[in-house]
Structure formats: structure tokens, C-alpha cells
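Reading through the C-alpha cells given below for one structure.
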Amino acid sequence: MASHSVANAFGGPGAKAMSAQVGLFKSGDVYNLNDEINVDLAEQSLLNKLIRNNLVKSQNQVEVLQRDPNSPLFSVKTFEELRLKPQLLQGVYTMGFNRPSRIQENALPMMLAEPPQNLIAQSQSGTGKTAAFSLAMLSHVNPSNKWTQCLCIAPTYELAVQIGQVIEQMGKFYPEVKLTYAIRGNRVPRGTTIEEQIVIGTPGTVLDWSLKLKVFDPKKIRVFVLDEADDCQMLLLSATFEDSVWRFAERVIPDPNIIKLKREEETLDTIKQFYVVCKEKEDKFTALCNIYGSLTIAQAMIFCHTRKMAAWLSGQLSKEGHQVALLSGEMMVEQRASVIQRFREGKEKVLVTTNVCSRGIDVEQVSIVVNFDLPVDRDGNADNETYLHRIGRTGRFGKKGFAFNLVDSQESMDLINQIELHFDRKILKLDTDDLDELERMMI
Ligand SMILES: Nc1ncnc2c1ncn2[C@@H]1O[C@H](COP(=O)(O)OP(=O)(O)OP(=O)(O)O)[C@@H](O)[C@H]1O
């Protein structure tokens, strides 16, 4: 279901009559320019939610671009300052939130402001966006009105359930407010009207409920509609803001305040980069074992180009007695979450993966990255961005990290040269058969 048609559905002729505060919630990054839901990104988001149990501390500075520069900049350091309903404050504290996260400090006052304000907020995954908009929805509900007032659309069934659980937890002490899920399998009889004030669902079912079955009235929604009506509050939250998301946001959100993260400069300065010349995959495997054996490693991630190669390599490593985790594309999202969780907890020292599988997943304690295969783009050139993303995780926060690139052809040697040139950093040649040299280089 297209996000665009969601906008039209609620923003059509009838929507102008809305005197509601309306907001759009959920990571904008799950919608792409073609107005299709990008399932991969939705899955990534779900994966992150499944493995995360804590707030991610954003290192980035927040940048606030206010719609009205004359109105005072307002941010909060405590939840008390937000003058929440006591039941909600209790919910927040019971969830273990002591103070607002960095994005929440700025976003919550805007989300809760009267008159309602539009907002575009960017903050990386896990920094408290879902919690913020859940609180905003719960705050905007009038519990004595037994009709749907807040609507949240999530791209997939699983994400809808995850978000709903946050709202349910936060609203635990506010039982007058009820929530229901507009997701597949949850049937509502035609001709009835639902009393739940908050509906959370996926686009198709939400459209069915509102337009076909008419179990709630979109005109009565106070929070969450994509519309160009001036009197709607729109909140757009996203971990990333690619161009496509910006264009989408600009199209649907008039005069927004904008909270952005200043881009954290990724750096290769703390990472020692090497390449090792090998003949074929067996030779690469030997090189890998030598590297591995000569280091007292915390944890390593090994990237392969294909699933098949990843499976082969993890099999070989296991045979050598290494404890290896394999992250592979054919696994269910829950299985993948559990592999990543175990690796994060240090139960395995080595994670073998493909690029596709590991995208968007952060494991901070990794100190060694091995590019068993170098990252290439569709044209066969070096994929510098992916390279940086892969090895960047090793050198976080000034920690020392090592990156090893296994080179098995002239083409892959060319890639090394391209990468060196791009980042203007030397990648040193390493002879893994010479263990003394290896140890010297590692110091
Ligand atoms: N103020 C806070 N204090 C402590 N923990 C918090 C706070 N806000 C949120 N959390 C917790 O941090 C984790 C991440 O929060 P949340 O899911 O809201 O992030 P998000 O930015 O929406 O992530 P995503 O982009 O993946 O949807 C959750 O476990 C949540 O319970």
C-alpha cells in the first residue's frame, strides 16, 4: 500500500474539514520515493527493535530548525517539565525512563505543544522516537470520547505490534484509553464503530477499516494523518533522511519545525587497515586463520559477498574449532535477531555475514573486521560507503580497530587502490605467513 494513497485517503476533500491535530508517526525511512513500502528497511527496523533493550545514546549534536524563529526555543531536561498527566508520568517512570533522551528533550515539547505544531525529526534508530510519539498520542487523547482519535500506521504487521506494545506499556496506568490493532486477521464487523481511541495498523487494513468498513471516522483523528491541511499537526520521525524521504516530507508537511542530527564524522583514523594477497578461497581461509590466531581478539566480523560463501566459511571455521555465528539471508527475522543478540553478548567471538544481512545493525565491541570479499557496487567498483560502514564500527569512540582485506585477484587489488585513494589512507600489505611481522604490525 502506498504511503501516497494513505495521504490521499485521509487528506482528500473531506480532510480539510478536520479541526484535528493530526500527526504522522513512524520512521519515514520505511517509505521510499516510489511510494512503496520498503520491506527491507521495515525488517531492519524490526530487527533493531527485537535486539535492543536499551536506549541508544546518540553521540550526535541535535540541530533544531524552528518554523517560527521568534518563539522561544523550548527543551526539557525532565519529564516533569512536560506537565504530563500523572498516569502517563507514572507509565514513563515504570518503563524505567528517568529522563528524556536527547531527541525527546527537543521533540516532546513540540509534539505536546498547543496549538499543535508540525515536526520533522531525525534521530538514529533506538534513540527514543517511538517512545516520544507514543507519549504524544496518549497525551492528545481525550479519554471520555469513545471514538478513534489517534492513528498510527506502521509498514508491517510486526512493527505495528511492537509499537502498540510500547503504547500499551506507557498507558498502563491510564486504562480509560484503549488501543486496537488494524492489522490482518483482526476482524471488525461492518456497520459497527470502534470505541478505542488509538488505532495502530498497517496501511491496507487501516484503509479498509476507515473507508470500506467505516469502523472509525478519519475526520475525528486528532493525531496522525498525512495531509496538507493547515490545521493538522504532522510529526514525521525517521532515523535517516535520504533525499527521497526529504522530498516526501516536504510534500506532505507544511511549515515544519525540524530537528536534525549533526552528522557524526566517521573516521578511519583509529583503524589500521591491511590487505593480504591470497590465491583462492582456501588460501584466504588460511590467511584468516593466521590473522585470527595471532591476535587476542575481542570480537571479529567477517564479511562475504554471497550467502553461499558465508555458509562455506562459517563451516570451515567451525571445523577448526572456532565458535562462529552465521547471519544469513534465509533466516527468519527472529532467528537473525537472536544470532545478533548472542554475538553482542559475546557468546560467539566471530560473526560471519553478508553485507545485506548486517546492514543497519550496530555491534560496538567489534575490534576486527575482515573483508573476506571486498565490497563492490553494481558496476564492479569499490563500494566506499559500505567499506566505511563495515570497518567504521571497529574504531568507535577512539578505540583501536583493525581491518583486513583479503585480495585474491587483480580486480580486488584494484579495489584496494580505489579505496586508498578515496579515503586518502594507506592500506598496508601484510604477510600473514610471517607471524612475527604480523605481530609487529598489530602493535
Ligand atoms: N527517555 C528514555 N529513557 C530510557 N529509555 C528510553 C527512553 N526513551 C526510550 N527508551 C528505550 O530505548 C529503546 C529505544 O527507544 P525507541 O524504540 O523509542 O527508539 P526509536 O528511535 O523509535 O527506534 P527505531 O528507529 O528503531 O524505531 C527502547 O527500549 C525504549 O524503551
Side-chain angles (χ1 to χ4, degrees), residues 21 23-30 42 44-60 62 64 74-113 116-117 119-141 150-156 158-174 177 179 181 197-200 223-224 233-240 257 259-261 362:
Q21 332 160 337
L24 161 69
F25 292 107
K26 199 36 225 156
S27 294
D29 51 352
V30 293
Q44 230 175 67
S45 175
L46 178 65
L47 201 55
N48 272 319
K49 280 187 186 299
L50 290 174
I51 54 187
R52 180 190 317 123
N53 37 28
N54 269 320
L55 187 64
V56 173
K57 290 238 167 54
S58 170
Q59 299 298 313
N60 308 55
V62 168
V64 181
F74 178 35
S75 80
V76 291
K77 292 282 178 213
T78 65
F79 284 109
E80 274 85 2
E81 288 170 72
L82 291 166
R83 302 186 190 291
L84 298 167
K85 294 193 176 72
Q87 303 94 308
L88 290 178
L89 192 60
Q90 197 181 353
V92 165
Y93 285 142
T94 307
M95 286 176 86
F97 301 178
N98 298 324
R99 57 184 301 281
S101 68
R102 194 175 280 185
I103 182 80
Q104 290 165 355
E105 286 178 0
N106 293 290
L108 279 171
M110 289 180 186
M111 287 177 167
L112 303 177
Q117 298 200 22
L119 172 68
I120 298 178
Q122 176 200 22
S123 186
Q124 77 210 59
S125 187
T127 50
K129 296 187 297 295
T130 308
F133 73 69
S134 300
L135 192 55
M137 287 210 277
L138 284 161
S139 298
H140 283 304
V141 163
C150 298
L151 175 63
C152 174
I153 295 184
T156 64
E158 291 80 7
L159 279 169
V161 173
Q162 288 279 329
I163 295 167
Q165 282 169 355
V166 174
I167 301 171
E168 285 183 34
Q169 253 183 307
M170 203 173 273
K172 192 167 142 196
F173 303 100
Y174 199 14
V177 178
L179 166 92
Y181 296 88
Q197 294 96 342
I198 300 179
V199 169
I200 167 151
V223 176
F224 187 15
Q233 179 185 17
M234 299 226 178
L235 308 175
L236 180 97
L237 297 106
S238 180
T240 56
N257 295 302
I259 299 180
K260 273 171 83 174
L261 292 184
D362 276 340

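The figures here come from the full heavy-atom set of this structure, side chains too, leaving out hydrogens, waters and symmetry mates.
Looking only at distances, no side-chain donor or acceptor of Lys77 sits under 3.5 Å from a matching main-chain atom of Glu105. The closest donor-acceptor contact from the side chain of His140 to the backbone of Met111 lies under 3.5 Å. For Gln104 (side chain) and Gly128 (main-chain N/O), a donor-acceptor pair under 3.5 Å exists by modelled atom type.
In terms of heavy-atom proximity, Ile163 sits nearest to Ala154 at CD1-CB, 4.0 Å. Contact detail for Leu108 and Phe79: the closest heavy-atom pair is CD1-CE2, 4.0 Å. Nearest heavy-atom pair, Glu81 versus Val76, reported as atom, atom and distance to 0.1 Å: CB-CG1, 3.6 Å. Asn98 approaches Tyr93 most closely through the heavy-atom pair O-CE2, 3.8 Å. When all heavy atoms of Ala160 and Tyr181 are compared, the pair lying nearest together is O-CE2, 3.6 Å. Closest approach of Cys150 to Val141, counting heavy atoms only: SG-CG2, 3.6 Å.
Annotation: the span from Ser134 atom OG to Ile200 atom CD1 amounts to 7.5 Å, rounded to 0.5 Å. Between the CG atom in Leu138 and the CE atom in Met170 there is a gap of 7.0 Å [rounded to 0.5 Å].
With Leu135 as reference, Val92 is the one residue of Thr130, Ile167, Val92, Val166 to meet the side chain to side chain contact (heavy atoms under 4.5 Å, CB included) rule.
The shortest side-chain heavy-atom distance between Thr78 and Arg99 does not fall under the 4.5 Å cut-off. Considering only heavy atoms from C-beta on, Lys85 stays 4.5 Å or farther from Phe173 through its side chain. With a 4.5 Å cut-off on side-chain heavy atoms, Ser139 and Leu84 count as touching.
Listed by chain and residue number, nothing satisfies the side chain to side chain donor-acceptor pair (under 3.5 Å) test with Gln169 (two or more places apart in sequence, or in another chain).
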- Item | Test side-chain contact (heavy atoms from CB on, under 4.5 Å) applied to Thr127 and Arg102, step by step | CA-CA 8 Å; Thr127 50; Arg102 194 175 280 185; over 6 Å; no
